[in-house]
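Note sheet for the following structure.
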Amino acid sequence: MNSQPQSQLISGAEALMRSLLEEGVYTLFGYPGGSIMPVYDALYDHRTDLNHVLVRHEQGAVHAAQGFARVSGKVGVAIVTSGPGATNTVTGVADAMIDSTPVVVICGQVSASTLGTDAFQEVDVVGMTQPISKWNYQIRRAEDVAWAVSRAFFIARSGRPGPVVLDFTRNAQVGKVEYAAAHVDFIRSYVPAPKVDMEHIERAARLINNAVKPFVLVGQGVELAGAQAELRALLEKAQLPAGCTLLGLSALPSDHPLNMGMLGMHGNLGPNVMTNQCDVLVAIGMRFDDRVTGNLSTYARQAKVIHFDIDPSEMGKLVHPDCKVLGDCRAALTALLPLIEPATHKAWIDGFAPYAEREYNKVIRKAIHPAEGPLLMGEVVRAVSEATHHEAVLVTDVGQNQMFAARYFQFSLPRSIVTSGGCGTMGFGLPAAIGATFGAPERTVCLFVGDGGLQMTIQELGTIMEQGAAVKIILLNNNFLGNVRQWQAMFWDHRYSFTPMANPDYELIARAYHIPARTVTEREELGGAIDEMLATPGPFLLQCGVREEDDVLPMTPPGANLEDMLLEV
């Protein structure tokens with residue numbers, strides 16, 4: 001008689017659960033449906049070790065996973081059904097791809113035997129997401145689950161992070177398999193972090209050491225690599241002034257003396273103008289987005305450009321570098337630091353001050369300390385930032401709320417900004433903020449959102465209600481699609497074509513979801529309302545009635561030179 005124990009067979013759906021646990025997953029966001037039902041049945045038995053957050057729309061699942069990933073540094077996970085469930089995730093996948101956010105999206109799919117027959121809720125998820133994901137794969141057999149999940153997480157988190165999509169056929173979910181955990185940490189021809197070339201490091205060091213007017217551009221790559229300390233050591237050793245991209249804003253504390261402010265279309269005047277005056281431009285973990293460069297034909301033409309990046313496809317894509325340093329930012333900066341000579345560059349650094357003073361007098365003072373009139377977005381943002389001691393996580397939607405928040409919120413801790421940069425997705429903010437509360441439960445999460453973006457994913461108030469997610473929602477309500485209105489005012493002769501908004505009673509809506517709410521329109525009420533919001537456990541909606549025709553300034557008009565920033569209109 002054979003006394004050997006028989007192997008235990010489990011379903012592909014259960015194999016998915018075990019594989020997620022192997023990857024350290026503890027929170028996931030999703031929405032059930034027919035083609036993913038076996039997975040949700042398996043999830044029922046894992047309610048104590050896998051915290052599933054039921055969103056109200058599949059787009060919200062991916063954005064919540066993004067918010068989770070951005071503040072935690074871990075891979076965010078979303079699970080949805082086939083057909084419309086899968087198609088509803090496409091915006092989030094594209095958003096995660098361009099902003100280098102590690103997420104794994106698991107979509108249900110019809111059985112392999114019915115693929116290509118136009119079966120109910122069948123969509124070609126692999127074909128649809130291939131151009132906008134880092135990798136995608138259709139799981140057709142239960143035997144492939146463990147391998148596919150491990151590979152997905154390895155690809156999503158390694159190198160330049162990004163989204164991975166797994167299309168999980170129903171037969172693979174219900175099929176039986178003898179489970180064995182997989183550990184993928186190598187893929188032939190995939191080099192996630194190229195080895196740093198010391199010849200290039202030495203050349204970069206020579207350029208920096210010989211620079212008279214050096215300037216550093218800080219991108220999100222610093223945050224993704226966990227290289228914040230190495231960045232500060234470099235800046236401080238050689239006294240290098242720096243500017244930050246939108247997604248790199250919290251890589252360097254806002255009050256650091258070498259932080260000259262935000263780059264880009266609505267960035268600070270000094271760092272934008274001085275980009276075209278420096279003699280050595282050091283770009284670290286950024287991709288020279290058009291909102292940063294303005295007119296490429298005049299961008300930093302006078303400078304020797306050093307580009308640090310992990311992605312070879314970014315090297316020379318838009319700006320030709322004189323020195324390419326390919327590899328992980330942290331590894332590259334660690335190798336660079338011993339070769340950097342101490343310096344001062346006092347005269348060059350002092351040259352930023354007149355631009356800062358001019359911008360303060362022309363723009364900033366009026367934006368955060370208005371003498372009279374309606375509430376302004378800038379003063380609300382700065383007041384919330386000060387009330388949280390600049391330690392909160394900033395989440396924004398897209399539009400004027402995003403740019404005012406980026407300009408006037410201040411940061412003291414890393415991984416503190418969650419916003420849709422490259423894709424500019426309205427509706428991103430509310431679900432992303434929910435995800436951030438799960439990714440950093442010990443921190444205060446402040447969401448700034450406009451009346452337009454809020455209505456795009458307003459159903460996620462239901463998720464906040466059910467989960468008690470402590471999102472502090474600051475609604476900057478100007479009764480307009482504000483950013484489009486500003487462009488219509490500046491470039492389209494004030495022809496406000498379909499940008500005025502007829503708005504509902506947001507405070508009443510919040511209360512319907514059992515979310516405490518308050519509305520302020522007077523400056524004298526703002527401080528007390530912010531204190532009430534922060535003192536209230538759990539979620540809160542603070543609606544601020546702000547000036548309807550407020551403009552985000554400075555602004556570099558599209559395609560203009562950096563020196564052509566407008567301080568007034």
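Bear in mind the structure is a predicted one, so any value in this text is a computation, not a measurement.
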What is the ring orientation for Phe29 with Phe438, classed by angle as parallel under 30°, tilted 30 to 60°, or perpendicular over 60°? perpendicular

Table please: side-chain donor-acceptor pairs of residues 562-569 below 3.5 Å, with sequence neighbours left out.
unit_1 : atom_1 : unit_2 : atom_2 : d
Glu563 : OE1    : Asn276 : ND2    : 3.1
Glu563 : OE2    : Asn276 : ND2    : 3.2
Asp564 : OD2    : Asn561 : N      : 3.4

Hits for side chain to side chain contact (heavy atoms under 4.5 Å, CB included) against Glu391, two or more places apart or cross-chain, chain-then-number order -> His389, Ser412, Leu413

Looking only at side-chain N and O atoms, does Thr245 offer a donor or acceptor that is under 3.5 Å from a partner on Arg287? no

Write out all pairs satisfying salt bridge (Lys or Arg N to Asp or Glu O under 4.0 Å) with one or both partners inside residues 550-559, taking only residues at least two apart or from two chains. Arg485-Asp551

Using the test side chain to side chain contact (heavy atoms under 4.5 Å, CB included), find all partners of Glu386 that sit at least two apart in sequence or belong to another chain. Arg382, His390

Can you tell me if Lys317 has over 12 outside heavy atoms packed within less than 6.0 Å of its NZ? yes

Take atom CZ of Arg291 as the centre, draw a 6.0 Å sphere, and report whether it contains more than 12 heavy atoms from other residues, nucleotides or ligands. no

Quick one: list whatever passes side-chain hydrogen bond (donor to acceptor under 3.5 Å, both in side chains) with Thr419, sequence neighbours left out. Thr396, Gln402

Among all residues two or more places apart in sequence or in another chain, which pass the side chain to side chain contact (heavy atoms under 4.5 Å, CB included) test with Thr437? Val445, Ala469, Val471

For Pro539 and Ile464, work out which heavy atoms get closest and say how close. CB-CG2, 3.5 Å

Measure up the Tyr408 and Phe404 rings against each other and bin them: parallel (under 30°), tilted (30 to 60°), perpendicular (over 60°). parallel

For residues 322-336, which side-chain donor-acceptor pairs fall under 3.5 Å, sequence neighbours excluded?
unit_1 : atom_1 : unit_2 : atom_2 : d
Asp322 : OD2    : Val305 : N      : 2.8
Asp328 : OD2    : Arg330 : N      : 3.0
Asp328 : OD2    : Ala331 : N      : 2.9
Arg330 : NE     : Glu230 : OE2    : 3.3
Thr334 : OG1    : Arg330 : O      : 2.7

Would you tell me whether Glu359 and Asn268 have side-chain atoms, one donor and one acceptor, within less than 3.5 Å of each other? yes

Determine whether more than 12 heavy atoms belonging to other residues, nucleotides or ligands lie under 6.0 Å from atom CZ of Arg358. no

Exercise: do Gln277 and Gln302 side chains pair donor with acceptor under 3.5 Å: no

Set of residues satisfying side-chain hydrogen bond (donor to acceptor under 3.5 Å, both in side chains) with respect to Gln220, sequence neighbours excluded: none

When the side chains of residues 233-243 are checked against the rest of the protein, which donor-acceptor pairs come out under 3.5 Å, sequence neighbours left out?
unit_1 : atom_1 : unit_2 : atom_2 : d
Glu236 : OE2    : His256 : NE2    : 2.7
Lys237 : NZ     : Leu337 : O      : 2.9
Lys237 : NZ     : Ile340 : O      : 3.0
Gln239 : NE2    : Glu236 : O      : 3.1

Can you find a side-chain donor-acceptor pair between Gln59 and Thr457 that sits under 3.5 Å? no

Please table the atom pairs, donor to acceptor, closer than 3.5 Å between any side-chain atom in residues 260-267 and protein atoms at least two apart or in another chain.
unit_1 : atom_1 : unit_2 : atom_2 : d
His266 : ND1    : Val552 : O      : 3.3
His266 : ND1    : Pro554 : O      : 3.0

What are the two closest heavy atoms between Val71 and Ala440, and how far apart are they? CG2-N, 3.8 Å

Using residues 153-164 as the side-chain source, report each donor-acceptor pair under 3.5 Å to any protein atom, sequence neighbours left out, with the distance given to one decimal.
unit_1 : atom_1 : unit_2 : atom_2 : d
Arg157 : NH1    : Glu23  : OE1    : 3.3
Arg157 : NH2    : Glu23  : OE1    : 3.3
Ser158 : OG     : Phe154 : O      : 2.5
Ser158 : OG     : Tyr190 : OH     : 2.7
Arg160 : NE     : Ser100 : OG     : 2.9
Arg160 : NH1    : Asp311 : OD2    : 2.8
Arg160 : NH1    : Glu314 : OE2    : 2.8

Is Lys134 atom NZ crowded by more than 12 heavy atoms from other residues, nucleotides or ligands, each under 6.0 Å away? yes

Tell me, please, which residues at least two apart from Leu526 pass side chain to side chain contact (heavy atoms under 4.5 Å, CB included). Leu375, Val380, Ala383, Val520, Ile530, Cys544

Look up atom CD1 in Ile201 and atom CD1 in Ile306, then write down how far apart they are to the nearest 0.5 Å. 9.5 Å

